[in-house]
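Chain identifiers are assigned alphabetically (A, B, ...) following the order of the sequence lines, protein sequences preceding nucleic acid strands; residue numbering begins at 1 within each chain. Nothing here was measured: the structure is a model prediction, and the numbers come from that model.
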Amino acid sequence: MLHISDLRNNKEQIISSLKIKNFDAENLVNSAIAKDDERKAIQQKSDDLLSQQNKIAKEIGVLYKTGKVEKANDLKQQSIKIKKESQEIISLQNKIEEELLSIIVQIPNVPHQSVVKGNSDQDNEILNEFGDKPNLIKDALPHWELAEKYNLIDFKLGNKITGSGFPVFKGKGAKLQRALISFFLDENINAGYEEYLPPSVVNTDSMFGTGALPDKEGQMYHITSDDLYLIPTAEVPVTNFYRDTIVKDFPIKCTAYTPCFRREAGSYGKDVRGLNRLHQFDKVEIVQIEHPENSYETLEIMVDHVSEILKKLELPFRIVRLCGGDLSFTSSLTYDFEVYSAAQDRWLEVSSVSNFESFQSNRLKLRFKDENGKSQLCHTLNGSAIALPRIYAALLENNQFDGGIKIPEILHTYTTFDSIT
RNA sequence: GGAGAGAUGGCAGAGUGGUCGAAUGCACUGGUCUUGAAAACCAGCGUACAGCAAUGUACCGGGGGUUCGAAUCCCUCUCUCUCCGCCA
């Protein structure tokens, strides 16, 4: 969420920037500021009343000690009166603070100046394209058929034990998955990220911290008996490592492999065939916490890093800058990576690298001390490096030959085989 | 799952109803001293909100209660430790 002082100081600019996200923020911003005025006024009042109470309580202490019981009893009556008043004021204050919060959380993050307006993913800007689309064999198959043909993934078995969207990998198919995870992690570690293996389940505080709640309640698996959530991405546990902290040294660079769980309510059809969209999938994430001055430079470095990984996998891909209409609620600037999956003749999103500026930090209370010793909000960034299923799909489809699938060379040390037949 | 103990500032650790936002030690920052460093000594040293400031308010695991007054008493939740049980 945005900081109230930003809303005050840069009101006009925030409202006009949010138009790029097709969001009319004027009413919300105005009512947030008005509500904050109310908040300030009422805090003044409650502070006053509490101050009086504190003073009286201290006096009573002294009176009792010196044996002036009658005088003390008088003051008690006075204090009880003030207390009644202050209790009312404080409950009103709490109500106002809640209202203020509920307004502010509805305002999306402000897009970066490089973001263009647009309505949907159709309007995203394609910045770069790398690699050549493969020449497919005559009877090329989509990955879900290849997976079955070569006994790599058993979708039906997943249906049986869990439900659709929960594939079972087996044999070389399972090993390829594990190889990709190790490869991605090693690439990230070599780039200076520290590896973590967090829990796949988090509490509500964490879900609020990174903004998944209350926004995406229906998208997540919720374990009601223990009030825990299955993580939709490693971003949630890892970024929340730093909830309520004041960091001393930049940058903080973390990478983590986790399974990711998404209900994907409402999805159906050919877009979700095979590995295209799953309820459970594997992803390796990179999370970085930065000084505000460096965050955009860092974003570019992260983009380069993901590019290098995709190049090593010899997959054709393109980098896309999301337009305002497609940019997420929390992001200021996002680059998507799409690999070309030949048999489907589709570009599949495999990574999303974003700068959230201080939007997450504000909620997380993630700060650092500036040169004057004042607390400032950090910037948070994250990206997939990389999500597995669609990479997997593209590898199968693009590298199929008559009677087998070729494994890219970089993976051979991980898979210990160079093809699947 | 059963029984018990506990949760206090960056860390260690005192404080069981009244100048406690919190002793003390360590760490950290600045200064004195020194050619330099160490030691010693002096000073500073939590977060947030309001205020130009002085200052005020809140926070001693979370939430609620008792009281004129709560770190301290009561309820509740969470977590940690010890012992027993169970177990990959």
Side-chain angles (χ1 to χ4, degrees), chain A residues 1-9 32-105 197-209 213 222-229 237 240-250 252 259 289 358 360-378:
Chain A
M1 71 191 172
L2 295 173
H3 200 95
I4 184 69
S5 62
D6 282 343
L7 292 179
R8 283 179 177 282
N9 298 334
I33 292 171
K35 195 53 83 174
D36 193 48
D37 288 338
E38 268 186 71
R39 194 198 105 247
K40 287 184 184 194
I42 202 152
Q43 183 177 340
Q44 200 68 258
K45 252 190 230 171
S46 72
D47 279 5
D48 264 7
L49 290 170
L50 288 171
S51 175
Q52 285 180 47
Q53 276 177 244
N54 288 342
K55 219 196 250 163
I56 290 173
K58 273 180 190 165
E59 281 175 41
I60 290 174
V62 175
L63 289 173
Y64 270 127
K65 263 189 189 155
T66 51
K68 296 173 182 162
V69 178
E70 242 172 72
K71 186 87 195 293
N73 286 335
D74 284 352
L75 281 179
K76 262 195 205 181
Q77 293 312 310
Q78 200 183 326
S79 181
I80 288 169
K81 246 200 229 160
I82 296 172
K83 191 181 177 182
K84 248 191 194 155
E85 200 181 338
S86 70
Q87 276 174 340
E88 275 170 33
I89 296 281
I90 286 169
S91 71
L92 183 59
Q93 186 182 358
N94 289 337
K95 194 174 143 244
I96 288 170
E97 279 171 7
E98 268 172 41
E99 285 167 355
L100 175 60
L101 185 67
S102 75
I103 294 167
I104 294 180
V105 296
L197 191 53
S200 304
V201 188
V202 297
N203 57 30
T204 48
D205 283 349
S206 296
M207 280 300 185
F208 271 105
L213 285 177
H222 185 195
I223 304 165
T224 49
S225 57
D226 296 284
D227 201 17
L228 296 170
Y229 291 85
N240 273 283
F241 291 165
Y242 297 94
R243 168 153 46 88
D244 281 317
T245 58
I246 294 178
V247 307
K248 296 235 164 68
D249 294 304
F250 291 112
I252 292 171
I289 296 167
S358 58
Q360 287 184 325
S361 305
N362 189 29
R363 229 197 261 203
L364 288 163
K365 296 203 178 74
L366 166 52
R367 293 154 298 175
F368 68 98
K369 297 279 193 188
D370 66 16
E371 52 293 353
N372 302 318
K374 287 201 73 174
S375 292
Q376 305 281 355
L377 294 170
C378 303

Q.
Under a 3.5 Å threshold, yes or no: a donor from one side chain and an acceptor from the other, between Gln93(A) and Ser46(A)?
A.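 Yes, because at least one side-chain N or O of Gln93(A) sits under 3.5 Å from a partner of the opposite role on Ser46(A).
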Q) Between the side chains of Asn203(A) and Ser206(A), is a donor N or O closer than 3.5 angstrom to an acceptor N or O? A)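 Yes, side-chain donor-acceptor contact under 3.5 Å.
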Watson-Crick or G-U wobble partner of [N], both distances under 3.5 Å:
N	result
G25(B)	C11(B)
G4(B)	C81(B)
A37(B)	none
C86(B)	none
U67(B)	none
C59(B)	G46(B)

Q: Evaluate the side-chain proximity of Phe250(A) to Ile289(A): yes if any heavy-atom separation is below 4.5 Å, no if none is.
A: yes
Q | Glu38(A) vs Lys35(A) side-chain heavy atoms within contact, under 4.5 Å | A |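 When only atoms from C-beta onward are counted, Lys35(A) and Glu38(A) do touch, with a gap below 4.5 Å.
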Mind calculating the distance between [atom1] ([X]) and [atom2] ([N]) to the nearest angstrom?
X	N	atom1	atom2	value
Lys374(A)	C45(B)	NZ	C1'	18 Å
Ile42(A)	C49(B)	CD1	P	18 Å
Gln44(A)	A53(B)	CD	P	12 Å
Glu38(A)	C49(B)	CD	C1'	17 Å
Ile90(A)	A50(B)	CD1	P	17 Å
Leu63(A)	U19(B)	CG	P	14 Å
Ile96(A)	C49(B)	CD1	P	18 Å
Arg8(A)	G51(B)	CZ	C1'	13 Å

Q) For every nucleotide of nucleotides 56-69 of chain B, 5' to 3': is a protein heavy atom under 4.0 Å from its base (B), only from its sugar-phosphate (S), or from neither (-)? A) BSS--------BBS
Mind checking the [atom1] distance from [N] to [M]? Whole angstroms is fine.
N	M	atom1	answer
G1(B)	C86(B)	P	15 Å
G21(B)	C26(B)	P	25 Å
A43(B)	A53(B)	P	28 Å
C20(B)	A70(B)	C1'	11 Å
U80(B)	U32(B)	P	49 Å
G10(B)	C45(B)	P	15 Å
C84(B)	C73(B)	P	30 Å
A71(B)	A22(B)	C1'	8 Å

Is [X] reaching over with its side chain to a backbone N or O of [Y], donor-acceptor style, under 3.5 angstrom?
X	Y	answer
Asp36(A)	Ala32(A)	no
Thr66(A)	Val62(A)	yes
Thr245(A)	Tyr242(A)	yes
Arg243(A)	Lys365(A)	no
Ser86(A)	Leu50(A)	no

Q | Distance below 4.0 Å between Arg39(A) side-chain N/O and C49(B) OP1 or OP2 | A |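 Answer is no, no contact under 4.0 Å.
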Q: Evaluate salt bridge (charged side-chain N to carboxylate O under 4.0 Å, His left out) for Glu59(A) paired with Lys55(A), printing each intermediate quantity in order.
A: CA-CA 6 Å; Glu59(A) 281 175 41; Lys55(A) 219 196 250 163; over 6 Å; no
Between the protein and nucleotides 70-74 of chain B, list every N/O to N/O distance that falls short of 3.5 Å.
none

Q. Run the salt bridge (charged side-chain N to carboxylate O under 4.0 Å, His left out) check on Asp74(A) and Lys68(A) step by step: do they pass?
A. CA-CA 10 Å; Asp74(A) 284 352; Lys68(A) 296 173 182 162; over 6 Å; no
